[in-house]
Amino acid sequence: MSEPATDTTTRPRRILVLNGPNLDILGRRDPAQYGTVTLAELEAIVHTEAAVHGLEADFRQTNREGELVEWLHEALDDFVGVVINPAAYAHTSVALHDAVEALSVPVVEVHLSNTWKREPFRHVDHVATAATAVIAGAGADGYRLAVAHVATLVADPTD
């Protein structure tokens, strides 16, 4: 007996939201630069905004560069878009650049602080050169804006 066909049109479209090193200590790390919002609060913002657009968000954080690369590879098949805050890896990681560049889905890079108003080494952003868009300096609202922008880019024109 054959299995019934699965209707994938009713499954929510998923976006991947990735957070890099030191974002697990938000709210305690340099509040003057990053604000007092915690990673859990950012996650709530992301889930709320994704739901507004009929999307489901898979929200993750790691301090390991290789894990971010592996998660980005998942977006080759399993996600309609990506929001990534690579944190310090934005300024050092060619591997993240290459993983983002390999994707055919939109990728919006987000930073809580305006990296271009900070130390000169932060003015180089390897991920930005592969990303669809970059939002920096908008604080926690940058995540909401990034999710909304991905939603716009992946909107079904028949909706």
Visitor: First locate atom CD of E56, then atom CZ of R13, and finally report the distance between them rounded to the nearest 0.5 Å.
Guide: 12.0 Å
Visitor: Let me confirm one number: the CG-CG distance from D98 to L72, rounded to the nearest 0.5 Å.
Guide: 11.0 Å
Visitor: Test side-chain hydrogen bond (donor to acceptor under 3.5 Å, both in side chains) on Q61 and N63; report intermediate values, then the result.
Guide: CA-CA 7 Å; Q61 188 278 329; N63 292 318; 3.1 Å; yes
Visitor: Measuring from T62:OG1 to N19:CG, what's the distance to the nearest 0.5 Å?
Guide: 10.0 Å
Visitor: Under a single-linkage definition using a 4.5 Å side-chain heavy-atom cutoff for Ile, Leu, Val, Met, Phe, Trp and Tyr, are V154 and L103 assigned to the same hydrophobic cluster?
Guide: no
Visitor: Are any of the side-chain heavy atoms of H97 and T129 separated by less than 4.5 Å?
Guide: yes
Visitor: Let me confirm one number: the CD1-CD distance from I135 to E109, rounded to the nearest 0.5 Å.
Guide: 10.0 Å
Visitor: Roughly how far apart are F79 CZ and R14 CZ, rounded to 0.5 Å?
Guide: 3.5 Å
Visitor: Considering only heavy atoms from C-beta outward, does the side chain of I15 approach that of D58 to under 4.5 Å?
Guide: no
Visitor: Strictly below 4.0 Å, N to O, side chains only: are E74 and R60 in salt-bridge contact?
Guide: yes
Visitor: May I ask whether V37 and L23 are part of the same hydrophobic cluster, defined by side-chain heavy atoms of I, L, V, M, F, W, Y residues being less than 4.5 angstrom apart, directly or through others?
Guide: yes
Visitor: Sequence neighbours left out, what pairs pass side chain to side chain donor-acceptor pair (under 3.5 Å) with at least one residue falling in residues 81-90?
Guide: N85-Y143
Visitor: Mind checking side chain to side chain contact (heavy atoms under 4.5 Å, CB included) for E49 and listing every partner two or more places apart, or none if nothing turns up?
Guide: H53, R144, V147, A148
